[in-house]
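Please read the structure below before turning to the comments.
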Amino acid sequence: MKNQWTIGKKLIVSFLSVAAVTALLGVVGYYGVSQGAKATNEIGGVRLPSIDALLTMSEAQSAIDGAENALLCRALDVKGREEKEAVVAAKWKAVEDAWKIYEPLPQTTEEEATWKQFVPAWSAWKSDHEKYIQMAREYKTYVEPKVKADELYA
């Protein structure tokens, strides 16, 4: 019996084998690239802006708390109080901008549940802050413009 595998048939089978392996590698590579693109978008387009916005809100809250604490100082003159109030206003603007970035971004189920708890807590804190600032403004009318700390505590 004669060998049915001529050189032409062997070349065709070899070529088709190489083409099948190349096609398989192409499909796997395409899938990997598309998954990488999704991951890059998730990280760069969703997670990093979320983290940045939340950190901005956290930093602003800390700065607002610090300004509130400074307003407790009896030695702070009217100009100093106005400067602290300006800091508070600027930080609230930063919170507002960060909130607008964070809120529309997609959230995981856990993030969504936490956000639903956070919003009322933040609103309560903001309400308390606004009451405090109102009291501080009223107090400002009673503060002597140039009281020195050593005179207060002597």
Qualifying residues under side chain to side chain contact (heavy atoms under 4.5 Å, CB included), relative to Glu112, sequence neighbours excluded: Gln107, Lys116
To the closest 0.5 Å, what do you measure between [atom1] ([X]) and [atom2] ([Y])?
X      : Y     : atom1 : atom2 : value
Gln35  : Lys38 : CD    : NZ    : 4.5 Å
Asp65  : Lys91 : CG    : NZ    : 12.5 Å
Leu55  : Leu48 : CG    : CG    : 10.5 Å
Ser17  : Ile12 : OG    : CD1   : 11.5 Å
Leu71  : Glu85 : CG    : CD    : 6.5 Å
Ile101 : Thr56 : CD1   : OG1   : 7.0 Å

NZ/NE/NH1/NH2 to OD/OE distance under 4.0 Å, [X] and [Y]:
X      : Y      : answer
Glu111 : Arg47  : yes
Glu68  : Lys84  : no
Glu96  : Lys100 : yes

Closest non-hydrogen atoms of Pro106 and Val46, given as atom of the first, atom of the second and distance, are O-CG1, 3.6 Å
Might you point out which heavy atoms bring Pro49 and Gly44 nearest each other, and give the distance in Å? CD-O, 3.4 Å
Would you call Glu130 and Lys126 a side-chain contact if the rule is heavy atoms closer than 4.5 Å? yes
If we only count heavy atoms from C-beta on, is the Val87 to Glu83 side-chain gap below 4.5 Å? no
Each residue besides Phe118 in its hydrophobic cluster should be listed here, by chain and number; the cluster joins Ile, Leu, Val, Met, Phe, Trp and Tyr at side-chain heavy-atom distances under 4.5 Å. Leu54, Met57, Ile64, Val88, Trp92, Val95, Trp99, Tyr102, Trp115, Val119, Trp122, Trp125
Hydrophobic cluster membership, with links at side-chain heavy-atom distances under 4.5 Å among I/L/V/M/F/W/Y: are Val21 and Tyr30 in one? no
In terms of heavy-atom contacts, does CD of Glu110 have more than 12 from other residues, nucleotides or ligands at under 6.0 Å? no
